[in-house]
Amino acid sequence: MWQPNKLEQERLEKIQRLEAAGVQPYPPRIERTHTAAQALAAQELYEAEHPDVPDAPPPPVVTVCGRIRRVNLKGKVSFMHIEDGTGRIQLFLRINDVGEAVYDQITGKLIDTDDFVQATGSMMRTKAGEISVRVTEFRLIAKSLSPLPVVKQQVQDDGTVVEYGEFSDVETRYRQRYADLAVNRSVRDVFIKRARAISALRRFFDDQGFLEVETPVLQTLYGGAAARPFTTFHNELEQTLFLRISFELYLKRLLVGGIDGVYEIGRDFRNEGVSYKNNPEFTMLEFYKAYIDYRGVMDIIERMFGYVVPEVKGSLKITYQGSEVDFSPGFKRITMRDAIKQYAEIDYMEHPTAESLEKAIRAMGREIAPGQPWGKLVEYLFGEYVEKRLIQPTFVMDYPRDISPFAKRVDYDNFHVERFEIYAGGMELGNAFTELNDPRDQEQRFLDMAKLYEKGDEDETPLDEDYLRAMRYGMPPNGGFGMGIDRFVMMMTDQRSIRDVLLYPHMRDEK
RNA sequence: GGCCCCGUAGCGCAGUGGUAGCGCACUGGACUUUUAAUCCAUGUGUCGUAGGUUCGAAUCCUACCGGGGUCACCA
């Protein structure tokens, strides 16, 4: 139940006074001829076409709408800045122009900062040089009852905006994203960039001849990754269902069906910890393409970043957390083994069993959980010694087989598979394989994976009989890729926390 | 889940055992070209919640709630 605070009480009283004076605080219809940006552009065009001459035609007349962001009452003349989705524009209000009744609403503070208003007038430029609307008609179109946090802005000579006062409490910002967006311009910019990144990705794959598809979110068997799923229940069918943890197995079935290139952008759900880089639901891109291997995937990835990064940032070079990252094609390529040799100064192939590798890691002075599979130990070394140092885009190639159940073996040994992950800015961006298409090998991998996990461990990848059935019909050789879009957006917007690229990050219940 | 830090006015913060403060916002007033407007004046609180210690608690202790960081797990 809402308990209005003192400021809200004041505004409730104002709304009553306005209604008593016959003002509708939330009228159903409004007029608008120009956005803020259009009105500013119209005046600039007018001034360019009609330099200061005595017989110039009258300036453009506009009706603009927006939220009041700043009020400056100055006796019988007042200034306001209103803001719509395109930007801010100043209103110049004189008692002579708008009439005493309306002007009294303003000076009587019945109109507040944060209210939405509509204003009509001809364009002008103030003595201080700011393009403004000389308002003749002015009215409230939506009253604000709760004041937004106050952030003042000063526009510098070079056009940059300095903000004074701030709305920075992260909990309130996440819980009340609407207020955060209304007040913090930079937050809006993050989500504009996010949308631009996703639409550029779609454009890229569409142009490359991929078919965008949608596969089930509710699945009777989860798979394609190692993660705990969310579980739900279909009442009528009396069916236990899982929210998908990846799209992989459903997308690859489509290659069997003759679709040579598919991609999906959507939500995955993983029932795991929440952190600065993990949210229980997150957005994933996966694509699969027939007749290429993981080297072909690398070529596509380089072209993908080569297209998308400039679409979002205007350049192939970006700055992430203080480091310049250059997405120009020709990314560095290094095998997992060489990367670990180089940064951890250990050749894990000298320890080809889990027992000996575990011992070797302990000999390096590291405390690790006992009994982990060999591939996990290799991954541990990579995470501890290598990952954070891969700032420039790098393909890390050839992963341990025992932690990669959907990738084809390399041709040079039995320990590795044709899998790579791409790293940039010290963060993993995506994961790709030469996809395994031998149904006999795939079945064995499912069985091997099951041995790695305790019985009942939800992380295990369940054996998916239907997936094997599809593969037995014949699956074309293919390469596939998956990327966490949120993390990519973090990089594109230089945000350290995934919560800052999600409009509504997951939170505990309030109180 | 473990450990560390945080929670005071609408927002940003100070106050660390003795009368709850500052800036902005808000409220009243002055000002017909201001722009972080300026000037004058007046208000503003379950100090996250519940217990405890104490003559006395925003302050010390305990538990709980919420947030952040970190470790574990992961994309």
Side-chain angles (χ1 to χ4, degrees), chain A residues 3-11 13-14 69-81 88 90-97 103 107-109 112-114 124-130 132 134 145-156 161-175 179 183-184 224-228 245-246 268-286 367-369 376 379-380 383 421-422 427-431 457-459 482-488 490 496-499 505 507-511:
Chain A
Q3 293 291 341
N5 63 35
K6 184 174 171 287
L7 299 176
E8 291 168 332
Q9 286 285 6
E10 285 170 4
R11 290 194 176 185
E13 283 159 24
K14 289 173 181 185
R69 297 310 305 273
R70 167 181 164 264
V71 180
N72 181 10
L73 301 177
K74 225 185 154 302
K76 296 188 170 54
V77 62
S78 300
F79 300 86
M80 284 181 189
H81 278 121
R88 293 189 179 199
Q90 181 166 261
L91 307 182
F92 176 58
L93 300 118
R94 293 197 313 158
I95 190 166
N96 322 39
D97 294 335
Y103 200 80
T107 48
K109 308 272 187 75
D112 289 293
T113 309
D114 308 325
M124 59 169 289
R125 206 178 263 273
T126 62
K127 277 182 186 165
E130 180 167 352
S132 308
R134 186 192 302 272
L145 288 181
S146 301
L148 286 165
V150 178
V151 176
K152 292 191 174 188
Q153 296 188 342
Q154 183 181 31
V155 181
Q156 308 285 78
V161 175
V162 180
E163 294 194 332
Y164 297 87
E166 54 182 340
F167 175 40
S168 57
D169 181 77
V170 288
E171 180 177 356
T172 316
R173 285 182 44 231
Y174 296 154
R175 289 195 193 279
V183 163
N184 293 321
R228 294 174 62 191
I245 59 172
S246 88
D268 273 342
F269 306 86
R270 298 191 183 176
N271 206 337
E272 282 161 359
V274 179
S275 79
Y276 73 95
K277 56 178 179 176
N278 297 76
N279 197 65
E281 52 181 302
F282 62 100
T283 302
M284 192 77 183
L285 159 76
E286 290 190 26
E367 288 300 321
I368 47 167
K376 287 251 179 197
E379 253 189 348
Y380 169 83
E421 291 190 340
I422 175 159
M427 188 161 67
E428 187 209 326
L429 281 182
N431 183 16
D457 185 335
E458 287 178 296
D459 272 7
M483 173 169 82
I485 292 209
D486 311 288
R487 290 188 181 173
F488 176 59
M490 285 164 69
R496 214 189 79 81
S497 171
I498 195 170
R499 299 179 192 107
M507 294 260 150
R508 283 197 164 85
D509 282 346
E510 217 171 337
K511 273 162 205 148

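By convention in this document, chain letters (A, B, ...) are assigned in the order of the sequence lines, proteins followed by strands, and residues within each chain are numbered from 1.
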Given the C1' atoms of B:C61 and B:U54, what is the spacing between them in whole Å? 12 Å
Among B:A75, B:G68, B:A36, find the nucleotide with the atom closest to the side chain of A:K152. B:A36
Across every strand shown, the nucleotide meeting Watson-Crick or G-U wobble geometry with B:C60 (both distances under 3.5 Å) is B:G52
Closest listed nucleotide, where the reference is the side chain of A:K14 and the choices are B:G66, B:U27, B:C24: B:U27
For the side chain of A:K277, counting heavy atoms from C-beta on, which of B:U32, B:C74, B:G67 is nearest? B:C74
What integer number of Å spans the C1' atoms of B:A50 and B:G7? 16 Å
Regarding B:U35, can its base be found pairing with the side chain of A:R88 as donor and acceptor, where the two atoms are less than 3.5 Å apart? no
A:Q90, nearest nucleotide to its side chain (from B:U33, B:G43, B:U35): B:U35
Taking N and O atoms by type only, does the side chain of A:E10 place a donor or acceptor under 3.5 Å from a partner on the base of B:U27? no
By nearest atom, which of the nucleotides B:U34, B:U33, B:G67 is closest to the A:N72 side chain? B:U34
Say you pick atom P in B:G56 and the same atom in B:G51; how far apart are they, in whole Å? 16 Å
Could you give the CD1-to-C1' distance, from A:I368 to B:C73, as a whole number of Å? 16 Å
B:A58 to B:U19 separation - P atoms, rounded to the nearest Å: 11 Å
Separation of A:K74 atom NZ from B:U38 atom P, in whole Å? 12 Å
Atom CE of A:M80 to atom P of B:U33: distance rounded to whole Å? 17 Å
What's the CE-C1' distance between A:M124 and B:U34, to the nearest Å? 11 Å
Closest approach of A:P147 to A:D114 (non-hydrogen atoms, all atoms of both residues): CA-OD2, 3.2 Å
Under 4.0 Å between any heavy atoms, over every strand shown, what does A:E166 touch: base, sugar-phosphate, or nothing? Just pick one. sugar-phosphate
Between P on B:A9 and CG on A:L7, what's the gap in Å once rounded to a whole number? 12 Å
Which part of the nucleic acid does A:R125 contact within heavy-atom distance under 4.0 Å: base, sugar-phosphate only, or nothing? nothing
Check whether any side-chain N or O of A:K14 sits under 3.5 Å from a backbone N or O of A:K109 as a donor-acceptor pair, and report yes or no. yes
So does A:T283 get a backbone contact from the side chain of A:D486, meaning a donor-acceptor N/O pair under 3.5 Å? yes
Answer with base, sugar-phosphate or nothing: what part of the nucleic acid does A:S168 contact at a heavy-atom distance below 4.0 Å? sugar-phosphate
When the P atoms of B:C60 and B:C47 are compared, how many Å lie between them, rounded to an integer? 16 Å
Heavy atoms of A:I245 and A:R270 approach each other most closely as O-NH2, 2.6 Å
For B:G28, give the paired nucleotide (Watson-Crick: N1-N3 plus N6-O4 or O6-N4; G-U: N1-O2 and O6-N3; both under 3.5 Å), or none. B:C40
Categorize A:I95 for me: base, sugar-phosphate, or nothing, with a 4.0 angstrom heavy-atom threshold over every strand shown. base
Residue matched to B:G45 through Watson-Crick or wobble contacts both under 3.5 angstrom: none
Looking only at atom P, what distance separates B:G23 and B:C40, rounded to whole Å? 12 Å
With the side chain of A:R487 defined as its heavy atoms from C-beta on, choose the nearest nucleotide among B:U32, B:A75, B:U35. B:A75
Please confirm whether the shortest side-chain N or O distance from A:R499 to OP1 or OP2 of B:G69 is below 4.0 Å. yes
Look at the side-chain N and O atoms of A:K376 and state whether any lies under 4.0 Å from the OP1 or OP2 oxygen of B:C74. yes
With sugar-phosphate meaning primed atoms plus P, OP1 and OP2, does A:R270 contact a base, only sugar-phosphate, or nothing at under 4.0 Å between heavy atoms? base
Nearest to the side chain of A:K6, heavy atoms from C-beta on, is which of B:G69, B:U44, B:U34? B:U44
Does A:E163 reach a base, just sugar-phosphate, or nothing at all? Heavy atoms under 4.0 Å. nothing
Donor-acceptor pair, A:E8 side chain versus A:N5 backbone, under 3.5 Å? yes
With a 4.0 Å cut-off on heavy atoms, is A:G75 in touch with a base, just the backbone sugar-phosphate, or nothing at all? base
Describe the nucleic acid contact of A:N184 in one word from base, sugar-phosphate, nothing, applying a heavy-atom distance below 4.0 Å. nothing
Would the distance check show the side chain of A:R69 and the main-chain N or O of A:H81 forming a donor-acceptor pair, the cut-off being under 3.5 Å? no
Given the rule in the side chain to side chain contact (heavy atoms under 4.5 Å, CB included) test, do A:E272 and A:N278 qualify, once you have shown the distances and angles that lead to the verdict? CA-CA 8 Å; A:E272 282 161 359; A:N278 297 76; 5.6 Å; no
Paired nucleotide for B:U70 [Watson-Crick or G-U wobble; both distances under 3.5 Å]: B:G2
Tell me: CG of A:N271 to C1' of B:C74, nearest whole Å? 12 Å
NA contact type, A:R173, heavy-atom cut-off 4.0 Å: base, sugar-phosphate, or nothing? nothing
Does B:C74 have OP1 or OP2 under 4.0 Å away from a side-chain N or O of A:R228? no
A:G273 vs A:R134, nearer the 5' end of RNA chain B by closest nucleotide: A:R134
With stacking defined as ring centroids separated by under 5.5 Å and planes differing by under 30°, is A:F282 stacked against B:A75? yes
Give A:F92 one of three labels, base, sugar-phosphate or nothing, depending on what nucleic acid heavy atoms sit under 4.0 Å from its own. base
Using a cut-off of 4.0 Å on non-hydrogen atoms, how would the nucleic acid contact of A:D268 be classed: base, sugar-phosphate, or nothing? nothing
Can you figure out which of B:C11, B:C74, B:U34 approaches the side chain of A:N278 most closely? B:C74
At 4.0 Å (heavy atoms only), tell me whether A:L73 reaches a base, stays on the sugar-phosphate, or touches nothing. base
Assigned partner base of B:G7, Watson-Crick or wobble definition, under 3.5 Å: B:C65
Taking the nucleotide of RNA chain B with the nearest heavy atom to each, does A:V170 or A:P147 sit closer to the 5' end? A:P147
Give the nucleotide from the list B:C24, B:U35, B:G68 with an atom nearest to the side chain of A:T126. B:U35
Rounded to the nearest 0.5 Å, what separation is found between the CZ atom of A:F282 and the CZ atom of A:R487? 8.0 Å
Rounded distance in Å between the P positions of B:A63 and B:G2: 12 Å
Between NZ of A:K76 and C1' of B:G29 the distance, given in whole Å, is 13 Å
Between B:U49 and B:C11, how far is it from one P atom to the other, in whole Å? 15 Å
Sidechain-backbone polar pair: A:Y103 side chain, A:V77 backbone, donor-acceptor under 3.5 Å: yes
Nucleotide B:U27, atom P - distance to CD of A:E13 in whole Å: 11 Å
Just to be sure I understand the rule, does A:N5 reach a base, reach only the sugar-phosphate, or reach nothing, if contact means heavy atoms closer than 4.0 Å? sugar-phosphate
Proximal nucleotide (of B:G67, B:U33, B:C26) relative to the A:T113 side chain: B:C26
Looking at A:N184 and A:F167, would you say the former's side chain and the latter's main chain have a donor-acceptor pair under 3.5 Å? yes
